[in-house]
Participant: 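Sending over a structure as structure tokens; questions will come in a sec.
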Amino acid sequence: MAKPLIAGNWKMHGSLALIDEFGRALATTELPEGVDVALMVPFPYLAQAAQALNVAGVSVGAQTLSDQPSGALTGEVSGAMLRELGASMVLVGHSERRSMFHENDQAVLGRVRAALGVGLTPILCLGETLEQRDEGRTESVVLGQLDAVFDALDASERAQLVVAYEPVWAIGTGRTATPEQAQAVHSAIRQRLADYSGGLEERTKILYGGSMKAANAADLLAQPDIDGGLVGGASLQVDDFLAICQSAG
Ligand code: PGA
């Protein structure tokens, strides 16, 4: 089974002071053996985060990137810039990017390619809306988002991705998918990964995200196909986040 990963997604929250607080806490906390931890922070905090969180097993990442290596693209940030500041991972296709910033599957693929091109690990986010779930389309939506990227990559590229299943209706709502609901989709994702061959179903981490917190993390992480978490709100509190990391051990 893939090594568990707990990734915090700060979204547009946090401060330099919060980074230092996490740095101090992580330097003095024993993380469970075999658990990887990452914090996906806003761009301006990357350099400081890479310095403050320089602890074994802890990575720093960004929340999106441009699909272009450079250019007259005011306001955009390239993968090479993220690498230079110490990021090793990047979220791609988060549902907030898909819905509020109009990133379709093509745009998501472009960003995955840009990340791979500079050696960043993309965390590819997938998830259905409540309406799609109610219409019985969860699997087709989620697997469609997966295929839109995986179909276009070669085997060595596919092997570098992390996948995160985040039902849109569970993000920031306090309404977590039940462990059974999450497991059902994770299992479908793992089966689809097996179709791509190359042992992808064994090596690919499939994270769950959507109102994961200290109180529900252990039950979610106990599911056979849930390899970790992508944690929004609860990643802004050191104690909550570290408690989730502990329950992945
Ligand atoms: P949440 O966010 O944990 O606050 O629901 C998760 C995410 O959007 O990655």
Side-chain angles (χ1 to χ4, degrees), residues 4-15 18 22 35-43 45-46 49 58-65 82 87 89-103 108 111-112 115 120-130 132-133 138 141-142 145-146 149 161-179 181-183 185-186 189 205-221 223 226-248:
L5 168 67
I6 303 294
N9 173 14
W10 277 13
K11 310 192 180 189
M12 201 171 75
H13 297 292
S15 61
L18 190 63
F22 269 76
V35 176
D36 286 330
V37 173
L39 272 188
M40 321 302 282
V41 300
F43 294 139
Y45 299 147
L46 276 170
V58 180
S59 308
V60 166
Q63 300 167 13
T64 185
L65 78 168
L82 302 180
M89 297 184 167
V90 62
L91 298 179
V92 181
H94 189 280
S95 65
E96 287 152 18
R97 303 292 317 172
R98 291 180 191 260
S99 66
M100 290 189 266
F101 300 94
H102 315 294
E103 289 182 14
V108 170
R111 284 162 175 72
V112 167
L120 285 166
T121 299
I123 301 182
L124 172 65
C125 304
L126 319 169
E128 82 288 0
T129 62
L130 189 55
Q132 290 164 333
R133 173 165 282 263
T138 298
V141 168
V142 169
Q145 291 170 342
L146 182 83
V149 170
L161 268 67
V162 172
V163 172
Y165 168 58
E166 297 202 300
V168 176
W169 47 272
I171 293 178
T173 58
R175 185 181 161 194
T176 320
T178 64
Q181 281 173 322
Q183 166 58 26
V185 181
H186 279 239
I189 293 171
K205 296 184 211 291
I206 311 176
L207 315 182
Y208 168 80
S211 299
M212 186 183 264
K213 35 188 179 282
N216 60 29
D219 285 346
L220 287 159
L221 295 167
Q223 298 300 310
I226 300 185
D227 303 321
L230 182 54
V231 185
S235 72
L236 293 164
Q237 305 285 338
V238 176
D239 292 349
D240 288 352
F241 186 67
L242 290 180
I244 295 172
C245 295
Q246 296 297 344
S247 49

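As the structure lists them, so they are numbered: ligands from 1, and atoms in each ligand from 1.
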Participant: Let me confirm one number: the CE-CD distance from M212 to E166, rounded to the nearest 0.5 Å.
Facilitator: 10.0 Å
Participant: Less than 4.0 Å is my threshold; does some heavy atom of G209 fall inside it relative to ligand 1?
Facilitator: no
Participant: In Å, rounded to the nearest 0.5 Å, how long is the span from CZ of F22 to CD of Q237?
Facilitator: 8.0 Å
Participant: Under a 4.0 Å heavy-atom limit, does N9 contact ligand 1 with its side chain, its backbone, both, or neither?
Facilitator: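 Contact part for N9 vs ligand 1: side chain (C-beta onward).
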Participant: Give me the nearest non-hydrogen protein atom to atom 3 (O) of ligand 1 as residue plus atom name, then the distance to 0.1 Å.
Facilitator: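 Looking at atom 3 (O) of ligand 1, the protein heavy atom closest to it is G232 N, 2.8 Å.
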Participant: Under a heavy-atom criterion of less than 4.0 Å, does G172 contact ligand 1?
Facilitator: yes
Participant: Students should be able to answer this: which protein heavy-atom is nearest to atom 7 (C) of ligand 1, and at what distance?
Facilitator: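 The closest heavy atom on the protein side is E166 OE2, 3.1 Å.
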Participant: Among all protein heavy atoms, pick the one closest to atom 4 (O) of ligand 1 and tell me residue, atom and distance.
Facilitator: G233 N, 2.8 Å
Participant: Where the side chain of D227 meets the backbone of I206, is there a donor-acceptor pair that is under 3.5 Å apart?
Facilitator: yes
Participant: One residue to check: H94. Relative to ligand 1, which of side chain, backbone, both or neither has a non-hydrogen atom less than 4.0 Å away?
Facilitator: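 The answer is the side chain.
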Participant: List every atom of ligand 1 that sits less than 4.0 Å from any heavy atom of K11, numbering the atoms from 1 in the order shown and giving each element.
Facilitator: 2 (O), 7 (C), 8 (O)
Participant: Is it the side chain (CB and beyond), the backbone, both or neither of A170 that lies under 4.0 Å from ligand 1, heavy atoms counted?
Facilitator: backbone
Participant: Within this structure, what is the OG-CH2 distance for the pair S15 and W10, rounded to the nearest 0.5 Å?
Facilitator: 6.5 Å
Participant: Please round to the nearest 0.5 Å and tell me the distance separating atom NZ of K11 and atom CE of M40.
Facilitator: 12.5 Å
Participant: Drop me the distance from L39's CG to L46's CG, to the nearest 0.5 angstrom.
Facilitator: 10.5 Å
Participant: Can you tell me how far apart CD1 (I171) and OG (S99) are? Round to the nearest 0.5 Å.
Facilitator: 8.5 Å
Participant: Could you tell me whether the side chain of D36 and the main chain of S59 form a donor-acceptor pair under 3.5 Å?
Facilitator: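 Not confirmed, D36 side chain does not pair with S59 backbone.
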Participant: List ligand 1 atoms under 4.0 Å from S211, heavy atoms only on the residue side.
Facilitator: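 Contacts of ligand 1 toward S211, numbered from 1: 1 (P), 3 (O), 5 (O).
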Participant: Could you list the atoms of ligand 1 found under 4.0 angstrom from a heavy atom of G210?
Facilitator: 5 (O)
